[in-house]
Amino acid sequence: MIINIRALAAKCCYAVIDQGRSLSDELPKQQDKLIGKDKGLLQEICYGVLRYLPELENDVSQLVQKPIKGKQRVFHFLLLVGVYQIRYMRIPDHAAVSETVAATKTLKNDHMKGLVNAVLRGFLRTLEAESKQDNKTDKKIPDPIKYNHPGWFIKKIQHAYPDQWQAILDANQQKPPMWLRTNQQHHTSEQYQALLIEADIEIANIEPHSQAIALAKPLDVAHLPGFDDGWVSVQDGAAQQAARLLDCQPNDVVLDCCAAPGGKTCHILEKTPDIASMTAIDIEEGRLTRVHENLDRLNLTAEVITADAATQEWWSGEQFDRILLDAPCSGTGVIRRHPDIKWLRKADDIDKLVVLQQQILDNIWSMLKPGGTLLYATCSVLPEENSLQISRFIEQNQDVQLIAINSNNPDTDENAIGWQLLPDAENMDGFYYAKLLKLK
């Protein structure tokens, strides 16, 4: 049986946009039906449609007399899939059209064949006409279409970063790099770099603080030297700052709060194998499966608990020397890795997340020993989740001291509340860290 990749892409995008499902959940389900390079092609199409959704919606709306609704709704996304291929992929136009039209049969609705064919051929004519216009008039394009982000988010970024907002939106549209974390129990970063060179895997750059390795091109982990043996893991350079900043010491009792999928848990254990204990908690039991898988592959040990960080029901009462609080957040710093965030996250979600972060931070603080360190982290770029959240916490608690984080960046504000990394800073994701000392 021949499986039509465009039909799978349409189903996947429909599930994300109309049904609110995560691309991380939906894409693997469809990829399981494919083999080899077809998996990558499906991912490229789905990610592309979600990156350029407003622009593609605008293209299709000008060629369809009335919106496709109800049971036929998946064919709207099939049109987006077709237009994306024509506009952004190297697939020949005739192949993009014919394969997308053929998907109507896979989706069991042959009578939509004519509409899909007509719209895509109409789009080709539109592009041809545009290319012949010598003096294009600058039309006012609404910001959501121009920048391919929701309007509420654009306004928030403009307000928070008046000089950088366009660069942030542009970075979100780029394909993310692949970063590697070397397991220090097996090799130093320098030794593993030599293994990569020996395997003809090109290195783009090395992050100086953590020695994280960015590859020139993403590749299947099966090609990484020693991956199955736990020599290396895939983790963004920004996320790799957590273990360095937490700076665990021998015999520390450590908590990783909201730990799934366990990358930071494992990094801490790799970096400081002589800590007294590691406890990793997360509210979603299903996500803790990934924590166990990562621990097993790397031959590491931690106590893994399904628990709500906003409560103390799970806590034994023994205080921790170090706590990593990777707080639930908007994920707005990792949009280039998860373009569905732009469409799944809503404006009113932010206030709810801020309240939840506050509840968890207040609750977890009591679990920290006097003299202990808490590292607050998010993969967000929104100040209300980051610097404003930490400012509030410091103002409301007398036993907190902010520890300055030196990013070795000459542009860093010495009085900044924490360390805000913006997407594409040194080719890393958007991330925030604040290091807090509990006074004795």
Would you say the side-chain atoms of [X] and [Y] include a donor-acceptor pair closer than 3.5 Å?
| X | Y | answer |
| --- | --- | --- |
| D247 | Q249 | yes |
| S189 | Q193 | yes |
| N109 | Q72 | yes |
| S366 | Q312 | yes |

Looking only at atom types and distance, does a side-chain atom of [X] sit under 3.5 Å from a main-chain N or O of [Y], one as donor and one as acceptor?
| X | Y | answer |
| --- | --- | --- |
| N397 | D399 | no |
| E303 | M278 | no |
| E385 | V381 | no |
| N183 | G230 | yes |
| R337 | P177 | yes |
| K435 | L245 | yes |
| Q85 | V81 | yes |
| K438 | W365 | yes |

Closest approach of [X] to [Y] (non-hydrogen atoms, all atoms of both residues):
| X | Y | result |
| --- | --- | --- |
| N386 | S380 | ND2-O, 3.0 Å |
| D25 | K29 | O-CG, 3.5 Å |
| L402 | A416 | CD2-O, 4.1 Å |
| P370 | Q319 | CD-OE1, 3.8 Å |
| S330 | I350 | CB-CD1, 3.7 Å |
| H76 | E57 | NE2-OE1, 2.7 Å |

Run the salt-bridge test on [X] and [Y] with the 4.0 Å N-O cut-off and return the result as yes or no.
| X | Y | value |
| --- | --- | --- |
| D252 | K369 | no |
| E395 | R392 | no |
| E44 | R90 | no |

Could you label the plane-to-plane angle of the Y147 and W165 rings as parallel, tilted or perpendicular, counting under 30° as parallel and over 60° as perpendicular? perpendicular

Under 6.0 Å from the [atom1] atom of [X], do we count more than 12 heavy atoms belonging to anything else shown?
| X | atom1 | answer |
| --- | --- | --- |
| Q164 | CD | yes |
| K33 | NZ | yes |
| Q185 | CD | yes |
| N299 | CG | no |
| Q19 | CD | yes |
| Q396 | CD | yes |

Once rounded to the nearest 0.5 Å, what's the spacing between atom [atom1] of [X] and atom [atom2] of [Y]?
| X | Y | atom1 | atom2 | answer |
| --- | --- | --- | --- | --- |
| W179 | I206 | CH2 | CD1 | 7.5 Å |
| L382 | F153 | CG | CZ | 6.0 Å |
| I364 | Y376 | CD1 | OH | 12.5 Å |

Name the one of I323, L246, L269 that satisfies side-chain contact (heavy atoms from CB on, under 4.5 Å) with V254? L246

Taking the six-membered ring of Y192 as reference, does the cationic atom of R181 (NZ for Lys, CZ for Arg) lie under 6.0 Å from its centre and within 45° of its axis? no

H159: side chain to side chain contact (heavy atoms under 4.5 Å, CB included) partners, not counting sequence neighbours: none

